[in-house]
Amino acid sequence: MTYQNYSLAQLRQADAAHHLHPFTDHKDLRAAGSRIIARADGPFVYDMDGNEILDGMAGLWCVNVGYGRDELAEVAYEQMKELPYYNAFFRCSTPTPVLLAKKLAELAPDGINQVFYGSSGSEANDTALRLVRHYWALEGKPEKNRVISRDWAYHGSTIAGASLGGMAAMHDQLHGAVPNIVHVMPPYAYELAEAGESDEDFGLRAARALEDAILEAGPDTVAAFIGEPVMGAGGVKIPPASYWPEIQRICRKYDVLLMLDEVITGYGRTGAWFAAQSMGIEPDTITTAKALTSGYQPLSALLVGDRIATTLVEKGGEFFHGYTYSGHPVACAVALKNLEIIEREGLVARVAEDTGPYLGEALRQKLGDHALVGEIRSFGLLAAIEIVKDKETKTRFDPVGRAASLVRDHAIANGLMMRAVNDTMILSPPLIWTRETIDMACKRIARALDLAARDLRGR
Ligand SMILES: Cc1ncc(COP(=O)(O)O)c(C=O)c1O
């Protein structure tokens, strides 16, 4: 490896001198220096300071089969030797994207049989936005082009992704979002449910914000609703069971397409191949990326339902959209092997039957009574811990975000990679975690909570 000729100090210095990181305060980073992860194996990553860290985030919600899978490296190597690249433009194809599309059609919910490739979740959502608008134009309704999304949604960081997303800080820096995208309230009961409101009633109320927005805009102007089944980067916000069926009913009633963003939930994380299946949602498009290759190669697949695909094919006319790397042969070869591993090792069923329920139980049992913990919620291998100053009143520490950042820093220092979103701690581990790994994580979180509580005493 070429980096081994460099010391950690030299790498840090070059990082500070030349590398602009994503979602980073560069002034801060230069003052603190970066953590350089140089190696990983199974559920652990290793930094160049010599620390072994249990990866509670599966990289960035993606390394579902864990690190160190020789098979994935080998298949990439073989494909690179045989055909490193050819494009899918101009009536050409290569074998691996074809076979992957066939496989994805088998795994996808009923009525979804077509795939459009990109290299990232953001690109796939850009494709989805263009595709739904194109669909309505082909149907003779070009004015049906508004998309309704939600506050706190994360749909990526390109201009289309950030516009679809509902992160206020990202919108502030857009200086002009893509037009005709509006946002409604998220199904975040912990902060938004009213006193005495049941989960079910709150879920219905949150879903009906969509209906209000459709009626306000006029149903003839609304192309689609977009949502993550569980909001991930916004803080693992898990909707009440009443939410998605009501969203589905509203979309059907007003003939609004349903775009599901499963960039995090796709490929097993919720205990089904897609959360659409675990939650009984029937979407028109499903955006997927990340765990499609377990992060070993950049690849996204927009799964396109029959309604849109049929119009696209029957009406014809070129869809002026695509990327150099749409259907990259190496990335698709890795995805095929990755899906084979997930199937062979029964990882989806393991999440549904064992580790998913166990993660929720263990977190609640071992951490639920901690003074800093306001709520613990989980769905499959996604979990959130709300950090509060007062459990009863749900009062947060001031300033918001500081307390969870402290917990996160202590967690990492104690060997567990976690993330903090404002004052919500989140977990999204690889699907290879076992009950033992979950117990190990709980111990490290408990220690981090104790240390953070000590730091926060008197605040
Ligand atoms: C739900 C969701 N959609 C889209 C994206 C964007 O994916 P990418 O970073 O690959 O562009 C993400 C990334 O975290 C995501 O969580």
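We count ligands from 1, going down the list as the structure has it; atoms in each ligand are counted the same way.
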Q: Have a look at Leu336 and tell me which of Leu100, Leu292, Val75 forms a side chain to side chain contact (heavy atoms under 4.5 Å, CB included) with it.
A: Leu100

Q: Does Glu262 reach ligand 1, in the sense of a heavy atom lying below 4.0 Å from it?
A: no

Q: With a heavy-atom distance limit of 4.0 Å, tell me whether Ala289 approaches ligand 1 through its side chain, its backbone, both, or neither.
A: neither

Q: When you measure from atom 3 (N) of ligand 1 to every protein heavy atom, which one gives the shortest distance, and what is it?
A: Asp261 OD2, 2.7 Å

Q: With only distance considered, is Trp61 within less than 3.5 Å of ligand 1 through an N or O on each side?
A: no

Q: State whether the shortest distance between N or O atoms of Ser122 and N or O atoms of ligand 1 falls below 3.5 angstrom.
A: yes

Q: Looking only at the aromatic ring of each residue, does the gap between the centers of Tyr117 and His328 stay below 6.0 angstrom?
A: no

Q: Run the numbers for me: atoms of ligand 1, each under 4.0 Å from some heavy atom of Ser120, listed by number.
A: 10 (O), 11 (O)

Q: I'd like to check which ligand 1 atoms, numbered from 1 as shown, lie under 4.0 Å from a non-hydrogen atom of Glu228.
A: 1 (C)

Q: What protein heavy atom lies closest to atom 10 (O) of ligand 1? Include the residue and the distance to one decimal.
A: Gly121 N, 2.9 Å

Q: Report yes or no: do Glu52 and Tyr46 form a side-chain donor-acceptor pair below 3.5 Å?
A: yes

Q: What is the closest protein heavy atom to atom 1 (C) of ligand 1, and at what distance does it sit?
A: Tyr154 O, 3.3 Å

Q: Side chains of Thr127 and His321 only: does a donor on one sit below 3.5 Å from an acceptor on the other?
A: yes

Q: Check each heavy atom of Asn125 against ligand 1 and say whether those closer than 4.0 Å belong to the side chain, the backbone, both or neither.
A: side chain

Q: Could you find the nearest protein heavy atom to atom 16 (O) of ligand 1 and give me its residue, atom name and distance?
A: Ile264 CD1, 3.2 Å

Q: Could you point out which residue of Leu258, Ile281, Val256 forms a side chain to side chain contact (heavy atoms under 4.5 Å, CB included) with Ile247?
A: Leu258

Q: I'd like to know if the side chain of Thr287 pairs up with that of Asp261 as donor and acceptor (distance under 3.5 Å, no hydrogens or angles considered).
A: no

Q: Is it the case that Tyr67 and Asp55 place a side-chain donor and acceptor less than 3.5 Å from each other?
A: yes

Q: Consider every N or O of His155 and every N or O of ligand 1, then say whether any pair is closer than 3.5 Å.
A: no

Q: Any nitrogen or oxygen of Ala233 lying under 3.5 Å from a nitrogen or oxygen in ligand 1? Just yes or no.
A: no

Q: Under 6.0 Å from the six-membered ring centre of Tyr267 and within 45° of its axis: does the NZ or CZ of Lys290 meet both?
A: no

Q: Ignoring hydrogens and angles, state whether a donor on the side chain of Arg269 or Ser428 is under 3.5 Å from an acceptor on the partner side chain.
A: yes

